[in-house]
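First up is the structure itself, then whatever we jot down about it.
Labels below follow one simple rule: chain letters A, B, ... track the order of the sequence lines, proteins then strands, and each chain is numbered from 1.
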2 protein chains.
Amino acid sequence: MISVEEQLKSMKQQMMAKGYKSTVQREATMRVLLEHERDHMSAEDVYMRVKERFPEIGLATVYRTLELLTELHLVEKMNFGDGVARFDLRSKDHEHMHHHMICSICGEVEEIKDDWLTELEQRVKREYGFNVSDHRLDFIGTFSSCKHGDCRRHCETAS
Amino acid sequence: MISVEEQLKSMKQQMMAKGYKSTVQREATMRVLLEHERDHMSAEDVYMRVKERFPEIGLATVYRTLELLTELHLVEKMNFGDGVARFDLRSKDHEHMHHHMICSICGEVEEIKDDWLTELEQRVKREYGFNVSDHRLDFIGTFSSCKHGDCRRHCETAS
DNA sequence: GTATATGCAAAATGTTTGCATTTCA
DNA sequence: TGAAATGCAAACATTTTGCATATAC
């Protein structure tokens, strides 16, 4: 596992290589993303976390930064159907998009870190002539533990 | 294949069985959905189509009807990341959610009607104790035909 | 007759944009 | 220095809500 500082440096390099400037606001945003790698934060979530340490930042800047990072494929923009976009870092050791299990009882989104789709992607290519560059796989259902009354974790935070 | 009238009747019955009333607005909305079974229409799309035949209908009614039908599992609410919810009928002969190929050149959303995930759903259950009731599988990429300049179909309509 | 559904307009939500000012390379 | 980035507020798009009226059962 690479350290936060190293990852930050690498991200900055990728940004500057494409002609974008490195700013304190962008660094602060990336730092928040690094510290919440798999939290599926909304833009507002990211904004609030960045604001804690950099109170003068504007929401628009966070949106613009997240858009930029998405463009650079450094973050992944997701949508779980609740009307808000969510963002996660695409770290070096998780090149491929991961899959999700979305619990309809507690709202928790859990990850499956493997890539189960390489085979199906070949099939798509073979049968439909479609070249897959990305994929999204979400399972909707219930965790056994939720069904039995004791939710896995932070049920109340899943607004 | 069941006729439109039969399907409509069945949908109305399901609605009334749960205590909801059958109204002309709801019928008109369902009819539009039946005639555009796999068109991934936004609420606005549905609204405009219903309005053609029932001009006094309000957008809010369409939203409320689509919400109700989603609740009854008669329609499927989707989200392709462009900020608008899209709706399709869940017809009898396609009980399971289908998969999508989303072309990043022309924006076209094409369907894969098979269910490729039964095996993976068992694996989720086995490895994570998660009981899948639904799933969503989207492939993002490009059709060979789009790459070669001639887009598959109605590229300009994919706003 | 009564609870439910509708239409309209207003509000709420999430996101984008214009523009004057600041900052980075 | 000059182009790019920022912060703010206003604009925007989509969806939801309140409420008086109409409708289905």
Side-chain angles (χ1 to χ4, degrees), chain A residues 8-9 11-30 32 40-72 74-75 77-87 159, chain B residues 8-9 11-30 32 40-72 74-75 77-87 159:
Chain A
L8 199 57
K9 197 174 131 197
M11 291 171 79
K12 282 206 250 181
Q13 279 172 352
Q14 285 178 70
M15 238 157 115
M16 300 184 76
K18 298 239 176 179
Y20 299 105
K21 291 177 180 169
S22 173
T23 68
V24 277
Q25 291 91 336
R26 284 175 179 174
E27 177 166 335
T29 305
M30 290 189 282
V32 164
H40 313 300
M41 286 185 289
S42 68
E44 192 77 32
D45 293 336
V46 176
Y47 173 60
M48 290 191 303
R49 296 241 153 77
V50 179
K51 222 169 159 48
E52 281 169 19
R53 279 178 262 169
F54 199 95
E56 61 270 45
I57 202 170
L59 179 56
T61 301
V62 172
Y63 269 103
R64 285 188 276 232
T65 302
L66 290 171
E67 189 193 11
L68 173 62
L69 292 171
T70 304
E71 209 174 284
L72 296 172
L74 292 171
V75 317
K77 183 177 180 179
M78 285 160 293
N79 210 304
F80 295 125
D82 58 351
V84 284
R86 298 181 176 277
F87 302 84
S159 53
Chain B
L8 199 58
K9 196 175 131 196
M11 291 171 79
K12 280 206 252 180
Q13 279 172 352
Q14 284 178 72
M15 237 158 116
M16 299 184 75
K18 298 240 174 178
Y20 299 104
K21 292 178 181 169
S22 173
T23 68
V24 275
Q25 291 90 338
R26 285 176 178 171
E27 176 167 335
T29 305
M30 290 190 280
V32 164
H40 313 300
M41 287 184 288
S42 67
E44 192 77 36
D45 293 337
V46 176
Y47 173 59
M48 289 192 304
R49 296 239 154 76
V50 179
K51 222 171 160 47
E52 282 169 20
R53 280 179 262 168
F54 199 95
E56 60 271 45
I57 201 170
L59 180 55
T61 301
V62 171
Y63 270 103
R64 286 189 274 231
T65 302
L66 290 171
E67 190 194 10
L68 172 61
L69 292 171
T70 304
E71 211 174 284
L72 295 173
L74 291 172
V75 317
K77 183 178 179 178
M78 288 160 291
N79 210 304
F80 296 124
D82 58 352
V84 283
R86 297 182 177 276
F87 302 84
S159 55

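Between the CZ atom of B:R86 and the C1' atom of D:dT15 there is a distance of 15 Å, given to the nearest Å. Protein atom CG of B:N79 is 12 Å distant from nucleotide atom C1' of D:dT15, rounded to whole Å. Between the P atom of D:dA4 and the NZ atom of A:K18 lies a distance of 16 Å, rounded to the nearest Å.
Across all their heavy atoms, B:A28 and B:V50 have their closest contact at CB-CG1, 3.8 Å. The shortest heavy-atom contact between B:S42 and B:F87 is C-CD1, 4.4 Å.
When the side-chain contact (heavy atoms from CB on, under 4.5 Å) test is applied to A:E71, the partners found at least two apart in sequence or on another chain are A:Y20. Scanning for ring-ring contact (aromatic ring centres under 6.0 Å, His included) contacts around B:Y47 gives an empty result, with sequence neighbours left out. For A:Q13, the side-chain contact (heavy atoms from CB on, under 4.5 Å) test picks out A:K9, with sequence neighbours left out. Checked against side-chain contact (heavy atoms from CB on, under 4.5 Å), A:Q25 has the following partners two or more places apart in sequence or in another chain: A:T23, A:F54, A:I57, A:T61. Applying the side-chain contact (heavy atoms from CB on, under 4.5 Å) rule to A:A60 yields the partners A:R64; only residues at least two apart in sequence or on another chain are considered.
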Taking only N/O atoms, report every protein-nucleotides 23-25 of chain D pair under 3.5 Å with atom names and distance.
from	atom 1	to	atom 2	distance (Å)
D:dA24	O3'	B:S22	O	3.4
D:dA24	N3	B:K21	NZ	3.4
D:dC25	OP1	B:S22	N	3.3

Check nucleotides 11-13 of chain D for protein N or O atoms closer than 3.5 Å to its own N or O atoms and list the pairs.
none

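Using a 4.0 Å heavy-atom criterion, one finds that B:E44 contacts no nucleic acid atom at all. Within the 4.0 angstrom heavy-atom criterion, no nucleotide atom of any strand lies near A:Y47.
To the nearest 0.5 Å, the span separating CZ on B:R26 from CG on B:L68 amounts to 5.0 Å. Once rounded to the nearest 0.5 Å, the distance linking OG1 of B:T65 with CG of B:L74 reads 12.0 Å.
Within the 4.5 Å cutoff, no side-chain heavy atoms of B:K77 are placed close to those of B:L66.
Evaluation of the salt bridge (charged side-chain N to carboxylate O under 4.0 Å, His left out) test over residues 11-25 of chain A, restricted to residues two or more places apart or in two chains, returns A:K12-A:E27. Evaluation of the salt bridge (charged side-chain N to carboxylate O under 4.0 Å, His left out) test over residues 47-57 of chain B, restricted to residues two or more places apart or in two chains, returns B:E35-B:R53.
Sorted by residue number, the members of residues 63-71 of chain B with any non-hydrogen atom under 4.0 Å from DNA chain C read B:R64.
In the 5' to 3' direction, nucleotides of DNA chain C lying under 4.0 Å from heavy atoms of chain A begin and end at C:dG14 to C:dA25.
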Would A:V84 and A:E44 count as a side chain to side chain contact (heavy atoms under 4.5 Å, CB included) here? Give the steps. CA-CA 9 Å; A:V84 284; A:E44 192 77 32; over 6 Å; no
Test side chain to side chain contact (heavy atoms under 4.5 Å, CB included) applied to A:L72 and A:M15, step by step: CA-CA 8 Å; A:L72 296 172; A:M15 238 157 115; 3.6 Å; yes
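With DNA chain C read from its 5' end, the first of the two nearest nucleotides for B:P55 and B:G19 is the one closest to B:G19. The nearest heavy atom of DNA chain C to A:L59 and to B:F54 marks one nucleotide each, and the one closer to the 5' end goes with B:F54.
Direction change of the helix axis from one end of the helix from C:dG1-D:dC25 to C:dA25-D:dT1 to the other is 40°, with five pairs defining each end axis (rounded to 10°).
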